[in-house]
Protein chains: 2
Amino acid sequence: MATISIREVAARAGVSVGTVSNVLNRPDLVAESTRERVREAISALGFVRNESARQLRSGTARAIGLIVPDVGNPFFTDVAKGVEDTASEAGHAVILCNSDESAQRQERHLDLLTEQRVHGVLITPVDDSPEPVLRLRERGVSVVLLDHATALSDTCSVTVDHRIGGELAVRHLLEQGHRELAMINGPESVTQCLHRAQGARDALREAARDPGDLHVVEVPAMNVASGLAAGERLLTGNRPDAVFCANDLLALGLLQAAVRHGVRVPHELAIVGYDDIDFAAAAAVPLTSVRQPSRLIGRTAAELVIAETRDPGGHAHQRVVFTPELVVRESSRRPADQLSPCPER
Amino acid sequence: MATISIREVAARAGVSVGTVSNVLNRPDLVAESTRERVREAISALGFVRNESARQLRSGTARAIGLIVPDVGNPFFTDVAKGVEDTASEAGHAVILCNSDESAQRQERHLDLLTEQRVHGVLITPVDDSPEPVLRLRERGVSVVLLDHATALSDTCSVTVDHRIGGELAVRHLLEQGHRELAMINGPESVTQCLHRAQGARDALREAARDPGDLHVVEVPAMNVASGLAAGERLLTGNRPDAVFCANDLLALGLLQAAVRHGVRVPHELAIVGYDDIDFAAAAAVPLTSVRQPSRLIGRTAAELVIAETRDPGGHAHQRVVFTPELVVRESSRRPADQLSPCPER
DNA sequence: TATCCTGATTGAGACGTTTCACGACCGGAG
DNA sequence: CTCCGGTCGTGAAACGTCTCAATCAGGATA
């Protein structure tokens, strides 16, 4: 009940507070027998170190912040798991924040994390504005950008080459013989979205097609509901042969729309998603998707931010870029292949 | 760069540190003109309050901890969103921890949260042991149990009546004319799982059937992979007519197994899931599922924990119990209904 | 003019750690 | 016996904020 401090522990063990602190932080400095006595007192009293005090004294917290635009998206929870893996190995807590694609919420979370004096922040910013990141750096917080290309050269980042991802997706659709292509994309102010679209257009160019042929539907949020809405729009009137969706949630939404309209996938409409979340394989029609190494992305980012704070001066900023790969499933197979209905793999 | 404190602000504004603190916390005590001057200094210097120091002084943090067994499960991210909604209204941060159904990780997170001196903890414990909760209370942390019935009478909890949920699911399957029923369940040491199974057996009893007829397959973890594995086992040999899965992830796994074995759903196998996550509607066959009000659960729990810490003495512990409801979709419709293939709703 | 009141501001302690310069002790070498 | 080196342990000074009793200015009242 009454909160007990290092002082009570010291009293009970018959040593000074300094010694207790040493047992906690540099046990090798204290003699075997004393150490044992202090340990006994700690567990007898149920002492728990007050992290605020430690942090106040030592200047920095044993926590790192992670800001993602949508915790509901399994891609980001996978990334979060990766972050947690390495963070907890290093004894750091992870404060997971959901910006919900809102700049305002992102702002609030950043303020909060700065107040907490976190070790570092991993962030997938909601937009391309460098300003929030600069403000953090200015306050001495190290930052790693997650899955977000940036113009800031002096910042660590872990990204995936989304241009290649877009290219893989659309090249595959073209190879399958689809002609009329559409894309459901998030706002192009978000770099990931921009690059995926660029890659898609590159694939068209490569096939000697006019990149302008790609009918892009832009949605405000990259979730299932948006995909469904975009699908409703796309499937009325003259519909495309194939749609590349900027993530799997949009693709799942589109798929639902297709089912509602009685449009058969992939016979009448091929779909390719992005992220290869676990649910992609379990969808109404198993989804072809561009896979990102989500967990690895998280782990790498956490390593970078921990390395940077360990050695702030001599740290060389790194940009790690992963290459995505295409996972082909039912939703994009050439109609001919469909005649013999065989399950995935 | 150099971290600036309340002291610099005071110097620049030509007031004492006490006044700056008052501007921050009780602005009404400070004269208009002074207040303005201090505010100016704050923004000019880019001052950010050091939460550790505040917390050290005031004894408790403006943060609450949330421990869930699986962040990859959309049900829990929905709950988390609900928690965040009310927490951020009250100016609290949420530290989201993933125990991954491991008692050891849960333990580590609890230690961490105690060190952080969080305001309160919302937890869906990995097992039924009351010990971790008791330890927290002993240390003066208020606890709200999430979606977990408990023998502890002096603890707030927000739960769903899973017995009713199980009953709804199995009664529905029986009404659809299915005879051979199976259930894929998590360990019955987890109360949620136990209650769902009890409800299922109650439904059998109610239909004058032997509750022992329910063939229960117990899996160690409640995720897609486990569902797939259980499905592989269940679909070889003489398979049941219908399966009730203890959550949607298991159901999606089972569905994948069915597709691989060429077993048609619902014609040859009906499936009912639990939680009604967003992906349930987008599955290979839209899933019938027992819906819990996930976001509301999170919001309510956060309100409880905040209320409890606001008034620790006079607080009466509450148990809030929600009632689940059945959402019927394709995966469990009577084969007869299937003849005219019409999309959901 | 002296007194009292009110509203605004101050300054000095905490809060629980960590850190670091310093002292105490002991055994061995000179 | 003294001195030295090393090992352990100590105690006090921070860290940045909040709180609260105390002070102060200035006007109103007697």
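A, B, ... follow the sequence lines: proteins, then strands. Residue 1 opens every chain.
Computed from coordinates, the Arg139(B) CZ to dG16(C) P distance equals 16 Å when rounded to whole Å. Rounded to whole angstrom, the span from the CD atom of Glu8(A) across to the P atom of dG16(C) amounts to 8 Å.
Residues passing the ring pair (Phe, Tyr, Trp, His ring centres under 6.0 Å) test with His92(A) are His119(A), sequence neighbours excluded. In this structure Asn50(A) satisfies the side-chain hydrogen bond (donor to acceptor under 3.5 Å, both in side chains) test together with Ser52(A), sequence neighbours excluded.
Proximity of Ile123(B) to Val143(B): side-chain heavy atoms (C-beta onward) are separated by under 4.5 Å at one or more points.
Fit an axis to the five pairs at each end of the helix from dT1(C)-dA30(D) to dG30(C)-dC1(D) and the two axes sit 70° apart, to the nearest 10 degrees.
A salt bridge between Asp111(B) and Arg135(B) is present, with a side-chain N of the basic residue lying under 4.0 Å from a carboxylate O of the acidic one. Ion pairing of Arg299(A) with Asp85(A) is present here, as a side-chain N (NZ or NE/NH1/NH2) and a carboxylate O approach within less than 4.0 Å. Between Glu84(B) and Lys81(B) no salt bridge is recorded (no basic side-chain N to carboxylate O distance below 4.0 Å). With respect to Arg54(A) and Glu51(A), a salt bridge is recorded, a charged nitrogen being found less than 4.0 Å from a carboxylate O.
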Mind listing the N/O atom pairs, protein and nucleotides 5-8 of chain C, below 3.5 Å?
none

I'd like to compare against my own output: the B/S/- annotation of nucleotides 11-18 of chain D with a strict under-4.0 Å heavy-atom distance to protein. B-BBBBBB
Could you give the side-chain donor-acceptor pairs of residues 5-13 of chain A under 3.5 Å, partners two or more places apart or in another chain?
residue: Ser5(A); atom: OG; partner: Arg7(A); partner atom: N; Å: 3.0
residue: Glu8(A); atom: OE1; partner: Ser5(A); partner atom: N; Å: 2.7

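Between Asn98(A) and Arg105(A), the side chains place no donor N or O within less than 3.5 Å of an acceptor N or O (distance only, hydrogens not considered). The closest side-chain donor-acceptor pair between Ser102(A) and Ser99(A), if any, does not fall under 3.5 angstrom.
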